[in-house]
Peer 1: 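Structure incoming, see below.
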Amino acid sequence: MDRYLVFGHPVRHSKSPFIHTLFARQTQQELEYGLAEPAIDEFAQALRTFFDQGGKGCNVTVPFKEQAFTLVDCLSPRAKRAGAVNTIKLTDDGVLLGDNTDGAGLVADLKSHGVTLADSRILLLGAGGAARGALAPLLAELPSELVIANRTHAKAQQLAAEFCDLGHVTAQTYEQLAGSFDLVINSTSASLQGELPPLAPALIHTDIAIYDMMYGASDTAFISLAKQHGARQTMDGLGMLVEQAAEAFTVWRGIRPGTKQVLRELKRNLGVI
């Protein structure tokens, strides 16, 4: 039976085995999917051992995505742009292909919620790996402007400069932010600590959509703030998790699984519904 894993540290909380088991059942694919939590300095060896022992593919999560980028044999265009790999496939000719499905998962989830990206003004909070992975897929949807805001302004400026060839993308400090945004995406990890990015609440209005890449059994602090200030629509990252997994499954198996029922089952599993 074909074997797949998710590598991370920590990773025991991961819902990837749950999601991919449902995908396999739905598409009648025979595979098994497990967890691997190597020590930080043992990831490269663990990855090699997995594929040497017959592994077919894997997901890679924090903190190994950038390291995986350097360990594969070739990179997809979106992995090159992201500077990180979250999906690896062993091809039929024995090549390790590195891909990044995070941004595609984000865009797919936004569209499933009916969010219009074309000609919209988007604010992306954060300039780390999650933001980097999201930029090219978001800009491919042709927003009128994409603004990056980050606590360290130089990082936002660097990121904007790297992606300016794909569309109208700029960097601003949190204090500079002004005007009306159609969509705000929080890619920072603040929600993991129950904290908020330093966004002025005045920027949240009744016609805005708010997306937090983090998720939990209850609203994140950022989503709670958005609801308090009357945001039209709020979304967490649970759908992104399922959509990026579906993209990875497609890379591995060549068949696209449906996501709606799997997302409902995941919400039940987490006690969200």
Side-chain angles (χ1 to χ4, degrees), residues 1-24 27 29-106 128-137 187 189 192 213-215 237 240-257 262 266:
M1 183 176 290
D2 291 345
R3 294 173 52 236
Y4 296 85
L5 285 178
V6 55
F7 285 93
H9 192 99
V11 79
R12 279 164 285 182
H13 66 285
S14 174
K15 294 299 179 183
S16 291
F18 181 86
I19 294 168
H20 284 286
T21 298
L22 292 180
F23 285 161
T27 57
Q29 297 284 298
E30 291 192 10
L31 59 87
E32 59 180 33
Y33 189 106
L35 302 170
E37 191 175 285
I40 303 299
D41 60 351
E42 295 177 357
F43 169 62
Q45 182 59 52
L47 186 70
R48 282 193 292 269
T49 299
F50 170 66
F51 283 108
D52 286 346
Q53 294 178 350
K56 293 293 186 180
C58 65
N59 288 127
V60 183
T61 188
V62 176
F64 299 129
K65 292 183 183 182
E66 287 76 18
Q67 192 176 351
F69 182 87
T70 68
L71 295 173
V72 295
D73 300 315
C74 63
L75 295 162
S76 71
R78 56 190 179 183
K80 287 180 183 177
R81 270 292 187 178
V85 161
N86 80 329
T87 299
I88 300 176
K89 175 184 179 178
L90 180 66
T91 66
D92 292 340
D93 53 1
V95 171
L96 287 185
L97 169 67
D99 202 351
N100 190 302
T101 66
D102 285 332
L106 170 65
R132 178 181 290 275
L135 273 168
S187 76
S189 59
L192 291 177
M213 288 190 186
M214 302 299 112
Y215 63 89
M240 176 181 172
L241 175 68
V242 175
E243 293 291 349
Q244 66 81 24
E247 187 77 9
F249 192 92
T250 307
V251 170
W252 295 328
R253 310 299 294 186
I255 184 170
R256 181 84 186 189
V262 172
L266 180 58

Peer 1: Please give me the minimum heavy-atom distance between Ala79 and Gly98, naming the atom from each residue.
Peer 2: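 In this case the closest contact between Ala79 and Gly98 is CB-O, 3.6 Å.
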Peer 1: For the side chain of Lys89 and the backbone of Val251, is there at least one donor-acceptor N/O pair under 3.5 Å apart?
Peer 2: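 Yes, the answer is positive, given that a donor and an acceptor are paired below the 3.5 Å cut-off.
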Peer 1: Rounded to the nearest 0.5 Å, what's the gap from CG on Leu75 to CG on Leu96? Could you check?
Peer 2: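 So the CG of Leu75 and the CG of Leu96 are separated by 11.0 Å.
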Peer 1: Restricting to non-hydrogen atoms, name the atom on Ala104 and the atom on Pro137 that form the minimum distance, rounded to 0.1 Å.
Peer 2: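 The answer is N-CG, 3.9 Å.
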Peer 1: Are there over 12 heavy-atom neighbours, none belonging to Asp93, within less than 6.0 Å of that residue's CG?
Peer 2: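 Count over threshold, so yes.
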Peer 1: Is it true that Asn86 and Thr101 share a donor-acceptor pair across their side chains at a distance under 3.5 Å?
Peer 2: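 Yes, side-chain donor-acceptor contact under 3.5 Å.
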Peer 1: Below 4.0 angstrom, N of the basic side chain to O of the carboxylate: do Glu247 and Arg78 qualify?
Peer 2: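 A salt bridge is present here (some side-chain N lies under 4.0 Å from a carboxylate O).
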Peer 1: I'd like to know whether NZ of Lys56 has more than 12 heavy-atom contacts from other residues, nucleotides or ligands below 6.0 angstrom.
Peer 2: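 Not buried by this count: 12 neighbours or fewer within 6.0 Å.
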Peer 1: Rounded to the nearest 0.5 Å, what's the gap from NE2 on His20 to CH2 on Trp252? Could you check?
Peer 2: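 One finds 4.0 Å between NE2 of His20 and CH2 of Trp252.
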Peer 1: Quick check: do Phe249 and Thr27 have side-chain heavy atoms less than 4.5 Å from each other?
Peer 2: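 Yes. Closest side-chain heavy atoms under 4.5 Å.
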Peer 1: Could you tell me whether the side chain of Val6 reaches within less than 4.5 Å of the side chain of Val60, counting heavy atoms only?
Peer 2: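 No. Closest side-chain heavy atoms not under 4.5 Å.
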Peer 1: Show me the donor-acceptor pairs within less than 3.5 Å that the side chains of residues 32-39 make with the rest of the protein, sequence neighbours left out.
Peer 2:
from	atom 1	to	atom 2	distance (Å)
Tyr33	OH	Asn59	OD1	2.6
Glu37	OE1	Val11	N	2.8
Glu37	OE1	Arg12	NE	3.4
Glu37	OE2	Arg12	NH2	3.2

Peer 1: Rounded to the nearest 0.5 Å, how far apart are CZ of Phe64 and CG of Leu71?
Peer 2: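 Separation between the atoms: 10.5 Å.
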Peer 1: Where does the angle between the aromatic ring planes of Phe43 and Phe7 fall among parallel (under 30°), tilted (30 to 60°) and perpendicular (over 60°)?
Peer 2: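 Aromatic pair Phe43/Phe7 classed perpendicular.
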Peer 1: Checking side-chain polar atoms at under 3.5 Å, does Gln53 have a donor or acceptor matched by the opposite partner on Thr49?
Peer 2: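 No, Thr49 and Gln53 have no side-chain donor paired with an acceptor closer than 3.5 Å.
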Peer 1: Taking C-beta and beyond as the side chain, do Met240 and Asp102 meet within less than 4.5 Å on heavy atoms?
Peer 2: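 They are in side-chain contact.
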Peer 1: Backbone N or O of Phe18 within a donor-acceptor pair of the Thr21 side chain at under 3.5 Å?
Peer 2: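 No; zero donor-acceptor contacts below 3.5 Å.
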Peer 1: Taking side chain as C-beta onward, heavy atoms only, is Pro257 less than 4.5 Å from Thr250?
Peer 2: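 A side-chain contact under 4.5 Å exists here.
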Peer 1: Without hydrogens or angle criteria, can the side chains of Thr87 and Asp99 be said to hold a donor-acceptor pair below 3.5 Å?
Peer 2: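 On atom types as modelled, these side chains do not qualify, holding no pair under 3.5 Å.
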Peer 1: Say you draw a straight line from CD1 of Ile255 to CD of Gln29; how long is it, rounded to the nearest 0.5 Å?
Peer 2: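 The distance works out to 5.5 Å.
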Peer 1: Hey, is the main chain of Ala84 close enough, under 3.5 Å, to the side chain of Asn100 for a donor-acceptor pair?
Peer 2: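 It does hold such a pair.
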Peer 1: Are the side chains of Leu266 and Leu241 in contact, using a 4.5 Å heavy-atom criterion?
Peer 2: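 Yes. Closest side-chain heavy atoms under 4.5 Å.
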Peer 1: Does a side-chain heavy-atom distance below 4.5 Å link Ile88 with Leu47?
Peer 2: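 Counting from C-beta outward, Ile88 and Leu47 do come under 4.5 Å.
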Peer 1: Test side-chain contact (heavy atoms from CB on, under 4.5 Å) on Tyr4 and Ser16 and set out the steps.
Peer 2: CA-CA 10 Å; Tyr4 296 85; Ser16 291; over 6 Å; no
Peer 1: Which value, rounded to the nearest 0.5 Å, describes the distance between Lys80 atom NZ and Cys74 atom SG?
Peer 2: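 One gets 8.5 Å once the value is rounded to the nearest 0.5 Å.
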Peer 1: Ion pair present between Glu243 and Arg256, side-chain N to carboxylate O less than 4.0 angstrom?
Peer 2: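 A salt bridge links Glu243 with Arg256.
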